[in-house]
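Protein chains get the first letters and strands the later ones, always in sequence-line order, with residue 1 at the start of each.
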Amino acid sequence: MTLKSTTYPEGTVRALLSTNLVTEATRQVLTQRLTTPRQQPKFFSNDEFALLETICDRLIPQTDRPEHVPIANGIDHRLAENKSNGWRYDIMPADGDAFKLGLQGIEESALALFQRPFQQLSGAQQDEVLRAVQGKNAPGKTWDQLPADRFFEELLAEAVENYYSHPLAQEEIGYVGMADVPTWQRIGLDQLEDREPRPL
Amino acid sequence: MQHYPTNETVDAVVIGTGAGGAPLLARLARAGLKVVALEAGRHWNPARDFSTDERAQDKLFWNDERLSAGNDPLAFGANNSGVGVGGSTLHYTAYTPRAQPDDLRIRSEFGVGEDWPFGFDQIEPYYDEIEQFLGISGPSPYPWGPARQRAYALGPLPINGAGQLMERGCKKMGIRTSPAANAALSAGYYQEGVGHRPACANRGFCQAGCTTGAKASMDVTFIPLAIHHGAEIRPESFVTQLVRNSSGTIAEVVYVRNGQEERQRCRYVFLCAGTIETARLLLINGLANSSGQVGRNLMAHTALQIWGEFEEDVRPYKGIPGALISEDTHRPAGADFVGGYLLQSIGVMPVTYLSQMARGRGLWGQNLKRAASAYNHVAGINILGDCLPYEHNFLELSDEKDVRGLPKPRVYFSNGESEARMTAHADQIMRGIWAAAGARNVWAFPRNAHVIGTCRMGNNPEMAVVNAEGQSFDIPNLFISDNSTFPSALSVNPALTIMALSLRTADRFLDRKKRLEV
Ligand SMILES: Cc1cc2nc3c(=O)[nH]c(=O)nc-3n(C[C@H](O)[C@H](O)[C@H](O)COP(=O)(O)OP(=O)(O)OC[C@H]3O[C@@H](n4cnc5c(N)ncnc54)[C@H](O)[C@@H]3O)c2cc1C
Ligand code: SF4
C-alpha cells in the first residue's frame, strides 16, 4: 500500500547548497560528500571490496540515476581508520574481522547454494543468498563463527547510514532539513515552506 | 576564563561536564571555591562547528567501543551518551518532565526495586530553580503531578506534525495529552551570568546538536555560569586515575591532554562521567567499591517506539522533536507490571530513522526504498518507563582494550518480566493511538534508553556506593553526581532530575563544609 506520491524532483538539495538557506558548515560537509568519488579500498582487498559493492547494490538499489553513491567506500573508510560507532554486540568479533568473515561467509553460501561466486549470480540468486544470511539459514562453516543475522543487521544499518547521509539520497526522499537558516515556521501537518519539495 | 596551575591544590575537580557535572560546577564556583572541570571532549562553538548533518555531528557521541551483552543488548554511541563540554545534553531531546513523588517510592509501593533515600520535597525546590534558570517552556497548569509553585518560565513550544497526530489519536482514545515541558526556548531569554539566548528555530536537530543556543544544553547555560563565577573548564582532558594519599583520600586526578599525562592536585573530587564511565573509572582504579556494588543495579528505561505512515505531509525534520506528552499511563489501572511510563511524540532526522528501520524491520532492496520514500509522512510515539534492577544486569571490565589502552566495558542487559509486560501494554496503547490517528504500515522498534544506576545511592553502605548526599561511603572526599546514582529508573526522562540532584549535592556539600563536617 502506498501513500499519495512520494517521488520527489531531482536536484533539490544540490540547488539549496549554493544558497544562503544553508549554513557554511553544513554546505562544506554536504558538498564534500557530494563530490567524493568512488575510491580504491584501504581496508578491504580489491576482491573483498568488489564483493561488498555488489552486495550494497542489492541492499540499496541505485538504478534510476546516473550518479552512484559510493556506499562501500564509507564502510571501508571507517574500518581503515579503526573507528567505532560506540558499541558492538558482545557476541560479534571486532568490526573489521566481522566484515571480512561476513564477506567470506556470503561467498561460501553462494558457492554452496548455486555453485558459483556471488558476483556471477543473477540478481534474484544474490537476493536469495542474502535472504538466507539475514534469516540465519545460509549454508557455510563461516556462520558457525559469526552470527549471520547480527552480521547482516550491522551491514545493512551501516549501508543505510552511508547512503541516506548523501545529498543524492536525501533528494530521493524529499529531505531538505539542512536548509534551516531562515528557521521553519510552517511546521504543522500539511504545512510546507516554499523551499520544501512537492512530490511529483 | 580562570586558569589554575596543576601544582596548585584546587578545592575541587569535577570530572565530566554533562547534566550531573555542570550544575554543581557552577554552584561550587559561585560559593567561591577554586574548581576545575576535566572534560574528555572538546569545547565546541556550535554556531561555527556544528552543521545540520547527522554524520558530521557524530562527533558529539561517545564512540569509544563498549561491548553489549545479554538478551537485550543496549545500543550505545548515538543512542546513549555524549562527549564534549555539555556531555549528553549536547544531543538530548530536551524533554524535561519532573519525576512524580511515587517514582521515588517504588519499593514501598510494589515491594520490589528500591526507594530513594529522600522524598520528593528534597528535589522539588531544585526542579523549580532549574526550570526558571534554563528557561523551560511548558504549559501551565501542567496536567500531571503535584501542583507547582510557579508556572514554567516560558509558554509551550509550537507542536509539529508528529505532535498533532498523537494529539488526534489520543483524543479519540480518551487519553489526555499536553504540550511537553522542553528545555528549548519558546521565546528569547536572558539570564544573568549567561546572557541572551534566542527562541527555538524549529530546526528539529536537537539530537545532533543545537546551533542556535535555544536548547538548554549545559554548554550554553550552567557552563557559562560556572565560568562567570571563576571555574576553569579544561576540555580534551581524559581522566584515567584517581590517586589516593596515605590517609586514603584522593589527592590528585591524573588525566591525558594532548597525549601527555597531567595531574591536578585537589581537595575534593566530583565524579560526573555518566553511568558507564563513572563505574568504569572506579573499577579500573579499584576504588569506592567495598560494597561490591559498583557496576551493579544497572537499569535502562523501557523505550519502545511505534512508527506509522500518514496520508498527511509530516516532514518530521521540522519543529522541536520533543513536542507532546501524556502521563496518563503513569499508574495505569489494572497494570500487571511495576511502576509506569509516559508517552511522547517524536520527530526524527532521516538517517536516525532509516538506520533504526533497517535494524528494526530488516527491509532492503526495493522494499527499503519504498519505505524510505515515505519518510516525509512518518511520525513516531515512544514510551519511557520504569525498569527494575536485576542481578543479571551489570557492567564489568572486559579483557579487550580500547584505543587508549583501557579495558572496554561490557554491559549485560536483559529486560525482566515487569519490563516485558509494560512494553506489551504500551505496544497496544500506542498502536491504538496510531490506528485512531489514521496511521498505516505501523511498526515497532523495541529498545531501551538511558543507562542508569551503576553507583547506587542509599543509606546502607553494604547496598549502595554513595550516601544520600552523593558522597562515597569509602572515600570521604569523593562525590558522584550523574545518572549512575539513581536508586530507581523513574518513569520520566532523567536529565532534569540529574541536574536537580547535582545542585542538591553541591548545596549539601557546601553546607557541611561551612560547618567543617567534610
Ligand atoms: C539521543 C538522546 C536523546 C536524549 N533525550 C533526552 C531528553 O529528551 N530528556 C532527558 O531528560 N534526557 C535525555 N537523554 C539522556 C540525557 O542526555 C542523559 O541522561 C544525561 O545527559 C546524563 O547525564 P550525566 O551527567 O549522567 O552524563 P553525561 O551528560 O553523559 O556527561 C558525562 C560527561 O563526562 C565526560 N567524561 C566521561 N568519562 C570521562 C573521563 N574519563 N574523563 C573526562 N571526562 C569524561 C563525558 O565526555 C561527558 O561530557 C537523551 C539521550 C540521548 C542519547
Ligand atoms: S529544534 Fe530548536 S532547540 Fe532543537 S536544535 Fe533546533 S533550534 Fe535548537
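Ranked by heavy-atom pairs under 4.5 Å with chain B, the list A:L156, A:V160, A:V176 is led by A:L156. Interface check for chain B: of the options A:D127, A:L130, A:I60, the most heavy-atom pairs under 4.5 Å are formed by A:D127. Among A:E193, A:E24, A:E161, A:R88, the residue making the largest number of heavy-atom pairs under 4.5 Å with chain B is A:R88. The candidate from B:A75, B:P409, B:S81 with the greatest count of non-hydrogen atom pairs under 4.5 Å with chain A is B:A75. Contacts with chain A were tallied for B:D402, B:N160, B:V403; B:N160 has the most, counting heavy-atom pairs under 4.5 Å. Annotation: maximal heavy-atom pairing with chain B below 4.5 Å, among A:L59, A:V29, A:T7, occurs at A:L59. When the candidates B:E54, B:R203, B:R359, B:Q356 are compared by the number of heavy-atom contacts under 4.5 Å with chain A, B:R359 comes out ahead. If you tally non-hydrogen atom pairs under 4.5 Å between each of B:S398, B:S68, B:A56 and chain A, the highest count goes to B:S68. Among B:A201, B:C200, B:G77, B:A162, the residue making the largest number of heavy-atom pairs under 4.5 Å with chain A is B:A201. If you tally non-hydrogen atom pairs under 4.5 Å between each of B:N79, B:L165, B:N80 and chain A, the highest count goes to B:L165. Between chain B and the options A:Y89, A:F152, A:Y164, the largest number of non-hydrogen pairs under 4.5 Å is found for A:Y164.
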Determine whether B:E309 and B:W443 satisfy the following criterion, side-chain contact (heavy atoms from CB on, under 4.5 Å), listing intermediate values before the conclusion. CA-CA 9 Å; B:E309 295 171 7; B:W443 64 279; over 6 Å; no
One pair to check against side-chain hydrogen bond (donor to acceptor under 3.5 Å, both in side chains): A:T183 and A:Q185. What are the steps and the verdict? CA-CA 6 Å; A:T183 79; A:Q185 294 305 322; 2.8 Å; yes
Does the side-chain hydrogen bond (donor to acceptor under 3.5 Å, both in side chains) test come out yes or no for B:N376 and A:Y8, once each step is laid out? CA-CA 11 Å; B:N376 276 337; A:Y8 293 91; 3.0 Å; yes
Are A:T26 and B:S51 close enough, and set up right, to give a side-chain hydrogen bond (donor to acceptor under 3.5 Å, both in side chains), and what steps lead you there? CA-CA 4 Å; A:T26 305; B:S51 54; 4.9 Å; no
Please walk me through it: do B:N71 and B:H392 pass side-chain hydrogen bond (donor to acceptor under 3.5 Å, both in side chains)? CA-CA 10 Å; B:N71 299 336; B:H392 59 256; over 6 Å; no
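Heavy-atom distances place the side chain of B:Y375, and not its backbone, under 4.5 Å from chain A. When heavy atoms are compared at a cutoff of 4.5 Å, A:L30 approaches chain B solely by way of its side chain, counted from C-beta outward. Only the side chain of B:E400 comes within less than 4.5 Å of a heavy atom in chain A; its backbone stays farther off. Proximity to chain A is limited to the side chain of B:R410, based on heavy atoms less than 4.5 angstrom apart. Residue contact with chain B, scored on non-hydrogen atoms closer than 4.5 Å, is absent for A:D149. Using a 4.5 Å cut-off between heavy atoms, A:D180 contacts chain B through its side chain alone, with no backbone atom that close. In this structure, the portion of A:Q134 lying under 4.5 Å from any heavy atom of chain B is its side chain and not its backbone. Neither the backbone nor the side chain of A:P167 comes within contact range of chain B; no heavy atoms are under 4.5 Å apart. With a 4.5 Å cut-off on non-hydrogen atoms, B:R315 touches chain A through its side chain but not through its backbone. Heavy-atom distances place the side chain of A:R33, and not its backbone, under 4.5 Å from chain B. Contacts of B:R361 with chain A are absent, with no heavy-atom separation under 4.5 Å from either backbone or side chain. The contact between B:I159 and chain A is made entirely by backbone atoms, counting heavy-atom distances below 4.5 Å. In this structure, chain B has no heavy atom under 4.5 Å from any part of A:D57. Interface residue B:F50: only backbone heavy atoms are found under 4.5 Å from chain A.
At a threshold of 4.0 Å, the pair B:D49-B:K59 does not count as salt-bridged, since none of the basic side-chain nitrogens sits closer than that to a carboxylate oxygen. Here B:D64 pairs with B:R404 in a salt bridge; the nearest charged N to carboxylate O distance falls below 4.0 Å. A:R78 and A:E158 are joined by a salt bridge, as a carboxylate oxygen and a charged side-chain nitrogen come within less than 4.0 angstrom of each other.
Note: B:H91 and B:F61 have tilted aromatic rings, judged against thresholds of 30 and 60 degrees for the angle between ring planes.
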